[in-house]
Amino acid sequence: GDSVTQMEGPVTLSEEAFLTINCTYTATGYPSLFWYVQYPGEGLQLLLKATKADDKGSNKGFEATYRKETTSFHLEKGSVQVSDSAVYFCALNGGRSSYGKLTFGQGTILTVHP
Amino acid sequence: DGGITQSPKYLFRKEGQNVTLSCEQNLNHDAMYWYRQDPGQGLRLIYYSQIVNDFQKGDIAEGYSVSREKKESFPLTVTSAQKNPTAFYLCASSRGSSGGVDTQYFGPGTRLTVL
């Protein structure tokens, strides 16, 4: 079945540092890939998405590129801020047969210090 | 404003009682979903519904029940058969298209604590 593996956290960075959160996946067919962010005590917000190989999703300075050859969708940001502190989830939708169901990674906690 | 509302934000119940969590959306989405989130874990799918009056079990449906009588509403009942109900519950919805990208949007969640 479909699965998503994220790098284990927590990740602790200083403000303005470079961020990478690794995400790899296993899926049959042609999945769509997503990054969601969850701030403390809140629901999930869609951060970015990519629907086919070599697509790059981007939003709020975050980027991720859909790499089919390495089955990866790593999240990056060039300069993090304290306000980026949150839990980040990588997820996939396995395609037409999955009827919109999402498979999530376990989440990565990011803490950014001033 | 369009969105998904869940109520209440915090819910406390005694062991052995059934409890119903509310989820409403005004996005005109066909599909709705319920997830459970436990500390340090990803989200696990409880039930989902692609259309009114139809729903399917997700990965951890035991001890839960749902209904989908209206397009905008998808309440979740946590029954006394659920052995470990204390968790954060998240509702989501999506357009439900059978082809193309179907992005899910989430509500703010309900934190259920069983005493």
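Naming: A, B, ... by sequence-line order, numbering from 1 per chain. Excluded from the calculations below are hydrogen atoms, water molecules and symmetry mates; all remaining heavy atoms, backbone and side chain alike, are included.
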Measure across Gln104(B) and Tyr36(A) and return the closest heavy-atom pair with its distance rounded to 0.1 Å.
->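 Heavy atoms only, the tightest pair is O-OH, 2.7 Å.
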Closest contact, heavy atoms only, Phe88(B) versus Glu42(A) |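 Heavy atoms only, the tightest pair is CE2-O, 3.5 Å.
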Go through the atoms of Gln6(B) and report whether side chain, backbone, both or neither lie under 4.5 Å from a heavy atom of chain A.
-> neither
Go through the atoms of Leu90(B) and report whether side chain, backbone, both or neither lie under 4.5 Å from a heavy atom of chain A.
-> side chain
Is [Y] reachable from [X] through a run of I, L, V, M, F, W or Y residues, each pair having side-chain heavy atoms under 4.5 Å apart?
X        : Y         : result
Ile46(B) : Tyr33(B)  : no
Val11(A) : Ile109(A) : no
Met32(B) : Tyr105(B) : no
Val80(A) : Tyr88(A)  : yes

Counting heavy atoms not belonging to Lys14(B), are there more than 12 under 6.0 Å from its NZ?
->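 No, the 6.0 Å shell around NZ holds no more than 12 heavy atoms from other groups.
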Answer yes or no: does atom CD of Glu8(A) have more than 12 heavy-atom neighbours from other residues, nucleotides or ligands under 6.0 Å?
-> no
Could you look at Leu44(A) and say if it's the side chain, the backbone, both or neither that has a heavy atom under 4.5 Å from chain B?
-> both
Region of Gln38(A) in contact with chain B, defined by heavy-atom distances below 4.5 Å | side chain
Considering only heavy atoms from C-beta outward, does the side chain of Gln37(B) approach that of Phe89(A) to under 4.5 Å?
-> yes
